[in-house]
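Please read the structure below before turning to the comments.
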Amino acid sequence: MVEQQTETWRDGLNPEQARAATHPGGPLLIAAGAGTGKTKTLACRVAHLIETGVPAERILLLTFTRRAAAEMLKRAGQMTASPAAISGSSNQHRSTRQFSDPSTQVWGGTFHAVSNRLLRMHGRALGLDPGFTVMDQADGADLMDLIRDEGGYAKGKSRDLRTGGWNDAGLKIPKSRSRFPKKDTLASIYSRAVNSGERLAEVLEKHFPWCKPEAEGIREILSAYVERKRSAGVLDYDDLLLFWKVLAEAPGVGELVADRFDHILVDEYQDTNHLQSDVLRAMRKTNPNITVVGDDAQAIYSFRSASIDNILSFPDHFPGAEIIKLERNYRSSAEILSTSNAVIAESHIGYGKQLWTDRTDGRKPGLIDCLDEEQQTHQVCERVLEHRERGVPLTHQAVLFRAGHHSAQLEIELTRRNIPFVKYGGLKFVESAHVKDVIAFLRILENPRDELGWWRVLNLLDGVGPATTRSFMNAIGVTSNGSEISPLTRLAEDLPAPGGAKREQVAALADVLSRCMEESPALSVTSQIEIIRSFYDPIVHRRYEAPHARIRDLEQLESLAESSKSRERFVVDLTLDPPASTQDLAGPPLIDEDYLILSTVHSAKGGEWDVVHVLHAADGMIPSDMATGDADEIEEERRLFYVALTRAKNDLYVYFPLRYYHRPRGLDDAHGYAQLSRFITPTVKDTFELQPAFTGSPAEEAPLDHRPVAEVTKYLSDLFSI
DNA sequence: TAGTCCGAGTTTTTT
DNA sequence: ACTCGGACTA
């Protein structure tokens, strides 16, 4: 990393970086390879714009996560005289700094967060009630499920559609197993169509061919889904983009919105999708000042409909675009670069950058053959500690893996050895049912028409299931539109016929909700959650086997709310920018401590560490079994591997466990032998130093590995069993 | 109509 | 290990 405390920021830039940072205006594409200082360049560009007189609040910086925006603006702030003007306006609840005048700050954040803000300001012009609530992907899937049940798609309808031909052929229908897509599939189909702009038929054909027989039912559900979101006053992630696009294209208000910004800068452009590129074009119909930064070799979000075409056809979308390539790598040793260059060389698309460095102090990356996952875990721990002893703190080391659960065993071992760690990616706090339940309370307080919120809350009552919930929602006017009286009031005033529910419990619920609505003095979000928990905690105790972990989560949620200005902000922030790591939740105590970073490769995007350990370099893990359908998917997995490798500055270790015990299918505990990841071709392998762990020092390994004995026993018992 | 139990099938990445 | 759906009971 280049020094920052130079006189002016310009001195720290190489010629290409400087040219990009001081580009006068018009469309600019910065094709920045991994580790070429793209964050710095973008931050400098922001600083440059402000120094040349562009008002901070007329700059829009779109990033992939809010964390990235905050980081970039922090760096820009260090370079200019008035740092406060730069720090992002969308500071989240966890941010400790407050700024005097939010109107004089750069707009920074994700597409979704920025859209949320614009729509609350201008949405009315589209007929959109600015009091909308936002739901995440899982909520969307739940709504799909609701509709799916009502329509009886899972049962009767789909069966009717399929039976005919089969009977004629004399085939036995396999016990009418419902093949109708599940809620998550429905949500993905919908999202894919919206984000890529492809028609339903095409989407099914290309990405969900096994769902084609149910196309008609799917179409009906998707239409109903759209309608239900509208009447509930709820937007999903896709709506945020869609409405932003419509807003920007609308005559009158569209110009108003676009004219807010003299300059738009977009980071990680390779991971934007068709819809996002439409948004940008709509925002830049007249003003051509747009800067995008990206690396086609690091495109890893096609599952979210991101399209590599966006970056490849940027010059067509924005005529007159200048392209600046950044190829000088400041991050990694030459040896690490050789390895990563060799990996990406096997792929043949894009702007074909060749990364180089003049560093000469490197060591060859290590490829560590392990007997099995247990040994891999052991090896990682040993190496991590070794590096710490040699002076590399844990925070400067990261362990990367393809899927959230790949680190499960390692986490157990780290805990056992008292090695502190923080994990990014994988299953998230806000996705757990009990947290969602509490958020559902907040959502109906915020937006009493929020059908899904009511659905969750009412279903909590004893003796209340789907049917009673539906009649409740009708009775208090959640679903039946038109009444001026809020469902909250109606629940409190005349309790609906309880059905199977206990009258007192319904009354208690109504009481909790109205206490949260107290206006003078307005209650803090924390107090509201406290009230909700007085009702909900007992339910957790009754419902779950081990309630304590869940109660702790709720305590965390409560304290998370402390720094939150309003209920609206809290709920929106939780869905648009959920805590990304275990650390975000753990609070201050961890901050001074040293801890190891664990992260999915996706969440590691943009990060860099002195020492990087990549787990499970076996076929089936990298590339994932789930993503070997077609050539494009494989290429994306290759780029994913490339992203993992290029995070390393000084030392890189890639681990390959030869044997897996818990093969997904194997109920008979049969193990399987894995293949080395197909991305480690012979050429690539040559760039590594091979370090077979199990032929190492036997004295060290032997006591730790009881497997061989178990193997022999099993072998013999198999032999005799037939 | 709710709640429970069992068997079958699935298992990624994230705003 | 987990979720989903179907069947069964109260």
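Chain letters run A, B, ... following the sequence lines, proteins first and then strands; every chain starts at 1.
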Polar side chain donor-acceptor pair, A:H274 to A:N310, under 3.5 angstrom: no

Face-to-face contact A:F303 to B:dT12 six-ring, under 5.5 Å, under 30°: no

Proximity to the side chain of A:T468 - top-ranked nucleotide from B:dT1, B:dT14, B:dT15: B:dT1

Polar side chain donor-acceptor pair, A:R120 to A:N116, under 3.5 angstrom: yes

Sugar-phosphate only, base, or nothing, as touched by A:Y301 at under 4.0 Å among non-hydrogen atoms: sugar-phosphate

Upstream residue (5' side of DNA chain B) when A:T469 and A:F64 are each assigned their closest nucleotide: A:T469

Short side-chain N/O contact from A:R543 to OP1 or OP2 of B:dG3, under 4.0 Å: no

Phosphate contact (B:dT14 OP1 or OP2) by A:T600 side-chain N/O below 4.0 Å: yes

Nearest to side-chain heavy atoms of A:R402, which nucleotide of B:dT12, B:dT14, B:dT15: B:dT12

Any A:S603 side-chain nitrogen or oxygen under 4.0 Å from OP1 or OP2 of B:dT14: yes

For atom CG of A:D271 and atom C1' of B:dT13, their distance in whole Å: 11 Å

Under 3.5 Å side-chain donor-acceptor pair for A:E268 and A:Q270: yes

Ring-face cation contact, A:W609 with A:R647, 6.0 Å cut, 45° max: no

Nearest-angstrom distance from the residue atom CG of A:D149 to C1' of B:dT1: 14 Å

From B:dT14, B:dA2, B:dT12, nucleotide with atom closest to A:S624 side chain: B:dT12

Euclidean distance, atom NZ of residue A:K183 to atom C1' of C:dC4 [Å, nearest integer]: 9 Å

A:F641 CZ - B:dT13 P separation (whole Å): 18 Å

Whichever of A:H405 and A:P466 has its nearest DNA chain B nucleotide further upstream toward 5': A:P466

Between P of B:dT15 and CZ of A:R192, the distance in whole Å: 17 Å

Which nucleotide in B:dT12, B:dT1, C:dC4 has an atom nearest any side-chain atom of A:K182: C:dC4

Side-chain H-bond candidate by donor/acceptor type, A:D238 with A:S191, under 3.5 Å: yes

Between B:dG9 (C1') and A:W210 (CH2): distance, integer Å: 14 Å

Between C1' of B:dT1 and CZ of A:R470, the distance in whole Å: 12 Å

For atom CG of A:L400 and atom C1' of B:dT13, their distance in whole Å: 13 Å

